[in-house]
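Here the structure is laid out as structure tokens; the discussion comes afterwards.
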Amino acid sequence: MPTWVPYLLTVLVAAVSLAGLTFRPGGQTTRGDADYVVVAAAAGLRWEDLDPVRTPALWQEARDGSVGWLSVRSAHAVTCPADGWLTLGAGNYAAWDTRAVSGRCPDAAPALTQPDGIGANLTDQPSVVRANQDRLPYGTTPGALAESVRCSVAVGPGAAIAAARPFGRVDRYVAELPADPAPLLDDCVLSVVDLGTIAGDGAERAAAVEAADRTLARVLAARPQNSMMLIAGLADTDTTSRLHVAIAEGPGWEGGWLTSAGTGREGYLQLVDLAPTVLSVLGRDAPEKLFAGYTATSAPGRPADPAEAMQGDRDADRRAIAQRGVAEIFFTVLAIVQLVLFVAVVPVLIRARRHAGPLGPPLPPRRVVVLAELALIAAGLAIPASLLADVAPWWNSDHPAWLFGAATAALMAAGTLLVRLAPRFERTLWPMAAVSAVSVLVVAVDLVTGARLQLNGVAGYSAIHGVRYAGLGSVGLGVFVAGLLLLAGSLAQWATKRWRPLVVVTFGGLGVVMVGSPYLGADPVGAIAVTAGVCVAAAISTGGWLTFPRFAWAALSGVAVTLAFAVVDLRRPPLEQGTLGRILTALGDGTAGPAMQRATAANGQALVDSPLTLLALLGAIMMVFCQFSPWGGLNRVYGLHPAVRAGVAGTVVATLIAGVLGGTALGAAGAAAAAAVPVAVLTALRVLLHAADRTPPPGETDGPGGPLLRKADEDPLTVS
């Protein structure tokens, strides 16, 4: 066979993988239009507040219209009512007051004057505009929504914040809804109504919700013909971030799930999506470079009963709250357990290495070796097990952390048992290949079925954070990349040298499609990182080092795939573009600066706050010990299995790039380390245990710790 055939096949695999990224099934979403839009909002309103008896108006709107969970992220760490109203009117992340909040948020009570008795002036608006444009990285212009329509009506102090123009003018303003609201709501194409603030608990909260519902009922009775109602719980009322109510009702919004290109997930909407939705419904163009959100659409398939759709077992707010606390506990415990495990394994590695000497101590006891192997396998399966544990509704338990921990431990034990009982377990690379295959399979199946295990999952991402709502999160990316490249490296060892790059690129092409496809991983930045890692792994899979020619070819391949992917993404309509297309569009029109500042800030925060940083550092320290200490054994593994070294190198490159570009710092690298380092240490231990295997000269006896300490047919560690 000609020597160029493997390289031709490698190019074809890369081309097919890139073609897979262009596939995009036809959308089924709809978007209505109307002559008027009425935005009725109540800070703090959550789906658990709605009831067909106590809140009949809200319940009927939810039944008739499209519904979703609203993430109220703003420019402030805590989105208080004034921040939420300001973000609504800006169409971008805004903050009314950047001072820290403790306890309960203050009510939205702006200073207003009414010199003509028709409109109002927001006296603090000029200083608020300057603060948002000079001190915050979002390029926000408060009042951009009001500037985009001919006139607007505001009812209540919160609504005045949303309807004020950048210089502070509110076109029409009344403090309370008049006895006959119809003439007022007919006056302008956009009306914003403050339904009050829903705060506290018990009777206080119930009374506020019922008052908001009564006000909404009056608005509904007086709404203009051919109007669209947009109902939102647009802010939190204390330091606990939550998911809130979003309802769109009117022509074209009947009985669906709210979604947008910004979330990519049916049933989820961002606060910054409301302003572009208003203008789109009215047939107006969004102001250039000012809005951060995307127009909402309605997707079919929602249960008719709002209780079935948004409450009970489908209560995403309750699950997200539980996820936030349990995730921190899980990753902290995982880091501590892996630290203890690595410290305990070091003496076993040292003793395994020393048995090569004629006078050294004997091998570590067989039971200790077996226990170490099982513990390392279980540690490598921890994150895949935590993903599978989200199948169970642990968040509905009174003790969610304990139930989640028990489910994860049971799955880890079951996975470890399956790996251990496999007929090929005694082969050196089998545990690494098996654990890696489990990691890839769990993440891939989750992505194919809609990434349901990652949304509000412990090993996934929370919709409350307002960063990601669909596709592959940083933890899943790290585990998937590590599993994919280590599995590719393990399988490539069975092939001859010339075919190893093809094996790596084949698996890498699968990874690029899974990560980058808008209907699977939906992470183009991650796909670029995976491309870089795969190129490096393929370049050194045949052995040797990453020389300059190899690096040059790998870099050119990565750049070619990235450029092709960018061209494909940019050719899509703006609302269908992925993250890469949006980034390049922002670079082209000069609005990428705020996004880069946000990514830098996010990297700094994640580096300090995330337990995944500790996992990444622990993994790096253990890998350094295993490679550069006399007892580590990793260099011997790399010498015997160069494709495994290629997989490790590719994982490091891919996860570091993904973390930096994605704003998660060492998040992906920490998840990859948690999955890959334990099985790498296990492989090094197996190789060390056979470092002195040799055929003894005739008549030589077995000394203490000698190579024939156990008979080959009795030693289950024999390498096949």
Side-chain angles (χ1 to χ4, degrees), residues 38-70 72 79-82 84-85 88 104-109 153-162 174-182 184-185 191-223 227 229-238 240 242-250 258 271 274 304-312 314-318 321:
V38 180
V39 179
L45 183 64
R46 302 195 293 263
W47 280 105
E48 64 187 32
D49 296 320
L50 272 62
D51 181 87
V53 177
R54 294 186 300 103
T55 59
L58 284 165
W59 196 263
Q60 188 62 44
E61 287 296 281
R63 183 183 294 276
D64 295 341
S66 295
V67 300
W69 300 97
L70 183 66
V72 297
T79 301
C80 287
W85 287 109
L88 168 64
R104 187 164 172 170
C105 285
D107 292 333
V153 171
V155 180
I161 296 176
V174 293
E176 296 180 354
L177 203 65
D180 181 12
L184 179 68
L185 299 180
S191 298
V192 185
V193 181
D194 185 351
L195 299 178
T197 299
I198 314 299
D201 297 300
E204 176 191 5
R205 185 175 190 88
V209 173
E210 292 171 8
D213 189 76
R214 289 192 296 269
T215 303
L216 177 64
R218 296 178 58 202
V219 172
L220 293 173
R223 64 189 288 188
S227 61
M229 290 294 304
L230 192 56
I231 303 167
L234 50 64
D236 295 307
T237 54
D238 55 34
T240 304
R242 304 290 292 268
L243 293 173
H244 295 271
V245 168
I247 303 173
E249 184 271 317
L258 287 176
L271 179 57
L274 300 186
D305 186 359
E308 182 183 354
M310 311 304 292
Q311 297 175 344
R314 297 198 181 195
D315 190 342
D317 179 49
R318 181 174 181 179
I321 289 293

Original post:
Hey, does the side chain of Asp194 reach the backbone of Gly158 with a donor-acceptor pair shorter than 3.5 angstrom?
Top reply: yes

Taking all non-hydrogen atoms of both residues into account, name the closest pair between [X] and [Y] and its distance.
X      : Y      : value
Gly233 : Leu70  : O-CD2, 3.8 Å
Gly84  : Ala235 : CA-CB, 4.3 Å
Asp213 : Ala57  : OD1-N, 3.1 Å

Within the 4.5 Å heavy-atom criterion, are [X] and [Y] side-chain neighbours or not?
X      : Y      : answer
Val67  : Trp47  : yes
Trp59  : Val53  : no
Val153 : Val192 : no
Arg318 : Arg46  : no
Arg205 : Asp49  : yes
Met229 : Leu216 : yes

Original post:
Of Asp51, Leu50, Val245, which meets side chain to side chain contact (heavy atoms under 4.5 Å, CB included) against Leu58?
Top reply: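 Going through Asp51, Leu50, Val245 one by one, the side chain to side chain contact (heavy atoms under 4.5 Å, CB included) with Leu58 is satisfied by Leu50 alone.
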
Subject >> Residue from Val193, Leu88, Leu274 passing side chain to side chain contact (heavy atoms under 4.5 Å, CB included) with Val39 >> reply: Leu88

Original post:
So how far is it from Trp69 CH2 to Leu243 CG, rounded to the nearest 0.5 Å?
Top reply: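 Going from the CH2 atom of Trp69 to the CG atom of Leu243 covers 7.0 Å.
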
Original post:
Can you list the residues that meet the side-chain hydrogen bond (donor to acceptor under 3.5 Å, both in side chains) rule with Gln60, with sequence neighbours excluded?
Top reply: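 Only Asp64 meet the side-chain hydrogen bond (donor to acceptor under 3.5 Å, both in side chains) criterion with Gln60.
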
Original post:
Of Arg54, Arg314, Arg242, which is the lone residue that meets salt bridge (Lys or Arg N to Asp or Glu O under 4.0 Å) with Glu48?
Top reply: Arg242

Original post:
Asp236 and His244: side chain to side chain donor-acceptor pair (under 3.5 Å), yes or no, with the steps?
Top reply: CA-CA 8 Å; Asp236 295 307; His244 295 271; 2.7 Å; yes

